[in-house]
Amino acid sequence: MDYDFRAIEAKWQRTWKDSDAYKVTEDTSKPKYYVLDMFPYPSGAGLHVGHPLGYIASDVYARYKRHKGFNVLHPMGYDSFGLPAEQYAIQTGQHPAVTTEQNIARYRDQLEQLGFCFDWSREVRTSDPSYYKWTQWIFGELFESWYDTEAQKARPIAELAEAFADNGNFNVHAACDEHWWKGLSFPHFGEHFDGTFTATDWDSMSEQERAEVLMAFRIAYLADSEVNWCPALGTVLANDEVKDGLSERGGHPVVKKTMRQWMMRITAYADRLLDSLDGLDWTDSVKDAQRHWIGRSEGASVRFAVADDQGKPDASGAEVEVFTTRPDTLHGVSFMVLAPEHGLVTQLTTDAQGQDVEAYVTAAGLKSERDRQGDKSISGVFTGGHVVHPISGALIPVWIADYVLAGYGTGAIMAVPAGDERDWKFATHFGLDIPAIFEGVDTQEEVCTDKGAILCGSGEWDGMKAADAIPLAIDWVEKQGVGSRTINHRIRDAVFSRQRYWGEPFPIKYEQGVAKRITDATVTLPKVDAYLPTEDGEPPLARAAKEDWPVFQGDAMETNTMPGWAGSSWYFLRYMDPHNESEFCARHKSDYWGQVDLYVGGAEHTTGHLLYARFWTKFLHDRGHIGFDEPFKGMINQGMILGRSSFVYRIQGTDTFVTASQRKAHATQRLHVDINLVDNDKLDLEGFRAWRPEYAQAEFILEDDGSYLCGHEVEKMSKSKYNVQTPDDLVERYGADTLRCYEMFLGPLTQHKPWDTQGISGVHNFLRKTQRLYTQATDGGPMPAEASEDALRIVHKAIAKVTDDLDRHAFNTVVSALMIAVNELSSASGDMGQNALQPLAVLLSPYAPHLAEELWASAGGSGSVLDAAWPVADNAFLVEDSVTYPVSFNGKVRFKVELAASMPPPEVEALIRAHDKTLEQLGDKAIRKVIVVPGRIVNVVA
RNA sequence: GCGGGUGUGGUGAAAUUGGUAGACACGCCAGACUUAGGAUCUGGUGCUUCGGCGUGGGGGUUCGAGUCCCUCCACCCGCACCA
């Protein structure tokens, strides 16, 4: 009988659907397990074979856990807000919701045919108002919270307002911009407001003024900040959406621009995001990338007084503050560099240098981020101004240069040319002093960044190792009152506004310019006449008139939308309670399901999604909405499946195509050919002629056997390379079970690997053979209950191996183990029986669930195989009576001896010493030593 | 430059704690079946001058190294003027 996978798969998919086989609910009688895939953006192109790789792995694991008795949550949904649908809308006028709906329908079809065990009743779509209602709600909570740096947690903003009313902001430890008050101008604070205010001050403020003060402390806050502006996309981008100064999507130039934007105070969570990485079961590569992205560095901030005309500290009290990780090199400071955007540039610049400085600042401002980053040449201008060295009192010239970044630290550095590569190059280039501060190093000739170097010319730190002087230097700076111990992070607060249509609207209205949360309604997207920014550069939502908004409150609505990562930062929670209309997720449900135990997805979300989701989770935990503060306990990043492109070789200027092996004899042009016309590198000649009109007259120079061999190369899958393999074709030809097994069999999940359709036939044959094994065992009648001992040995060996491999997430070797079992059983002596073939069907079930159901039934299993208990390997069947010992001489295997497994090592040694073949091998040499590794090997040292 | 990873037959790969390198497949070769089925079955398949040699190169530890240590090389990914 043939392996009729079409009938089998259709039958079981229908059965599962009819019986709600994959529906789960909270069940406290079982331990829970949460297996999650990174949900896809439903693109118009549909899935290719690379996409399901991770879904198959997670599906296998989810099914395995279910067999093991866990209550498994394994949902799927769509990250359905996004740029492609919006751009399609701009071009065609079709509402993005329509495009999105169509794409989702196609994804659903493709996913369903693969037989995944998703609980589809829990599907979520981030673009659905019933979902983004709660994204808005979380935003609202972030808006109405501040971060208490002493308690290290987020608290309601009302509590901060109370504290202000009681005591002003004395003893308030709130995360905020260091100079949060700058830019606010409240008359009653006076000219020298330093950021502290009393309860009386608070009391005297107008409501608007209070709102402005509170805004500076909110976790979701509005601020003028320097953002990445992408003119081509007409929107701002977060740091992780910019690669090499170009937008990640589309590759358009990005410039810095100051704009009033919604921001997320992720910096408040920097240390917690860093510290709790240790407890996660993620790869070091992802953890390291996050550590680097957060970029914690410890050092000191030091203030240098601005010098007046007489070289004394200026009467204005102006100071340049720098951050340094090397305060030990303070004696080596010979100049100072400010970022061109630094606030003190104007004050420091003398009349004589005015023109040069202005020109430099203007030029730096015009440069795109890409130019600025790409340009490693040394440039800078002297401002003419000086600061006073806090130790020596010497005048330090102040320069500006764009190697100093406005966005990091204080936007100014103390330059120590002897100890910093860039400072050294700068000093050398401009002929600035290089004070010697390291013993035995000629820093005129080379820079010394080694913290093990011995200091000199550094007063009381002379003779100390630089590294040892750092803490002393920080103490000194603090004692002198010129600075303090400081921890700096590279991570910036994240821009949360996007000037786009197809995203979540903010639940924010404005009343007399004050932003207020809308709590009584879901703000849905208004109608607009076009999906483009307005002529004034306002976001697309600004096109909507008051009556176009389903919800309009206050004087004006916020017209930005949220970024793509908003919806994906909490979707794993919504799956737990997807239809709840009164809460984002009921607490008892999030308490039951808890963290995602295994998260499967690509490695491309390292610094974006994964960081934001962790941030929101910690926030929701702080505010008591969930009981855990890390979303994803374990994670596997699957590798990319690459395409295998095929090529034909056209002799230049002709219609003649030469086979790969003879192409060198001609001047040829290499052309991609559709992989569907190629089988085993052999080209379907007729198909090729029919493929495209220009090849209709093609002539061929063939191999001796009359075939045309194509060349090949491994590349990313893409339409233009004609190397895209869709799962649909393969499911049609081989079935879902074959495709599932094959994708797993292809290689280690985490590795990148080329797609090769050749190999699939081997896996298909394996399933066919498996079915034949069962058919022959039943032989028309019911299957016997008892199998031979031989058969049981084979099956129990497989149980041990498969279980072990699955626990290690070694998905590929499981398929091999099953193949071995089926091969061995097919040629095993004795009878097959239920006690062998039922467990085997369960082992197969995670990989080939449809066939496994069929086989389970034929082996007399009751109910669905889905709920069959995972078999346990019986040791009695695993121990062998005898062992074949390889006998090696000085590490080289020479012969083998079969011995009883129970034979004690001394006896083995004696036996080997006296063995004929040993004597033969030895010749006239004497045995120096014999090593017996019980059950494994014997090594004779001669 | 920094961080992470990878390197094994013609190909995808396996080898969990150091213990027979190349399991399992693909491909290829030979044969069987008998005609055309993207069949099936059987056998072979790392290289070899038949001594041996073989896990990117070189060195080391060990009775024994793909596996541990040092060093170098190549490729891939991420970050990158971060003070």
Side-chain angles (χ1 to χ4, degrees), chain A residues 2 240 243-244 283-289 291-293 295-297 299 322-326 329 337 372-376 378 401-405 407-416 419-423 425-426 488-491 603-604 606-607 637 639-640 644 679-681 712 714 733-734 742 745-748 750-766 768-769 772 804-805 807-808 810 812-820 823 884-896 928-942:
Chain A
D2 232 20
D240 67 278
K243 299 267 136 80
D244 297 327
T283 62
D284 287 339
S285 132
V286 176
K287 287 196 208 178
D288 281 350
R291 287 191 188 105
H292 181 256
W293 189 260
R296 177 187 162 101
S297 58
V322 300
F323 173 72
T324 178
T325 54
R326 296 292 304 275
T329 62
V337 187
R372 199 161 153 171
Q373 284 175 14
D375 182 10
K376 307 265 177 184
I378 297 164
D402 62 7
Y403 80 87
V404 175
L405 308 173
Y408 183 75
T410 61
I413 60 154
M414 58 177 223
V416 182
D420 182 277
E421 183 122 18
R422 290 147 307 164
D423 298 347
K425 284 185 181 153
F426 195 82
N488 232 310
H489 294 100
R490 203 186 75 104
I491 193 171
E604 66 273 13
T606 308
T607 48
N637 302 114
M640 203 191 320
R644 188 178 187 277
D679 187 29
N680 196 9
D681 285 340
H712 57 87
V714 171
R733 258 170 72 176
Y734 299 102
Y742 184 57
F745 182 67
L746 213 49
T750 54
Q751 230 160 63
H752 290 205
K753 50 212 166 258
W755 178 258
D756 174 11
T757 310
Q758 289 309 314
I760 201 168
S761 63
V763 174
H764 190 65
N765 280 343
F766 151 66
R768 198 201 320 255
K769 248 192 254 178
R772 198 184 311 135
D804 194 42
D805 283 357
D807 285 335
R808 291 163 40 227
N812 53 330
T813 47
V814 170
V815 183
S816 306
L818 292 170
M819 285 175 169
I820 292 169
N823 287 344
T884 306
Y885 277 97
V887 182
S888 62
F889 289 77
N890 297 326
K892 293 189 199 310
V893 175
R894 293 303 180 199
F895 62 90
K896 288 169 189 179
R928 285 199 286 156
K929 201 169 164 191
V930 175
I931 286 146
V932 177
V933 184
R936 299 217 92 128
I937 198 169
V938 179
N939 191 22
V940 180
V941 188

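In what follows, every heavy atom counts, from backbone to side chain, and hydrogens, waters and symmetry copies are set aside. Naming convention: chains lettered A, B, ... in sequence-line order (proteins, then strands); numbering from 1 in each chain.
Of the candidate nucleotides rC81(B), rA13(B), rG78(B), rC81(B) has the atom nearest to the side chain of D402(A). When each of rC26(B), rA13(B), rC81(B) is scored by its nearest atom to the side-chain atoms of Y403(A), the top-ranked nucleotide is rC81(B). Set against rA83(B), rA13(B), rU16(B), the side chain of S297(A) has rA83(B) as its closest nucleotide. With rC81(B), rC41(B), rC53(B) as the choices, the nucleotide that has an atom nearest any side-chain atom of K892(A) turns out to be rC53(B).
Note: Y734(A) and H764(A) have perpendicular aromatic rings, judged against thresholds of 30 and 60 degrees for the angle between ring planes. Ring-plane geometry between W755(A) and Y742(A) is classed as perpendicular, the angle between the planes exceeding 60 degrees on a 0 to 90 degree scale with a lower cut at 30.
Across all strands shown, Q751(A) has heavy atoms under 4.0 Å from sugar-phosphate atoms exclusively, and none from any base. Across all strands, N812(A) comes closer than 4.0 Å only to sugar-phosphate atoms, never to a base (heavy-atom distances). Residue-level contact check: V322(A) touches neither bases nor backbone, having no heavy atom under 4.0 Å from any strand. Using a 4.0 Å heavy-atom criterion, one finds that N488(A) contacts no nucleic acid atom at all. Residue contacts for R928(A): at a heavy-atom cut-off of 4.0 Å it reaches no nucleic acid atom on any strand shown.
Side-chain contact check for L818(A) versus F745(A): every heavy-atom pair is 4.5 Å or farther apart.
Comment: D805(A) engages R808(A) in a salt bridge, judged by a side-chain N to carboxylate O separation of less than 4.0 angstrom.
Distance check on atom P: rC26(B) versus rA36(B) gives 24 Å, rounded to whole Å.
Pairing partner, rA32(B): rU40(B), with both Watson-Crick or wobble hydrogen-bond distances short of 3.5 Å.
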Per-nucleotide protein contact along nucleotides 17-25 of chain B, 5' to 3', at a 4.0 Å heavy-atom cut-off (B base, S sugar-phosphate only, - neither), is B-BB--BBS

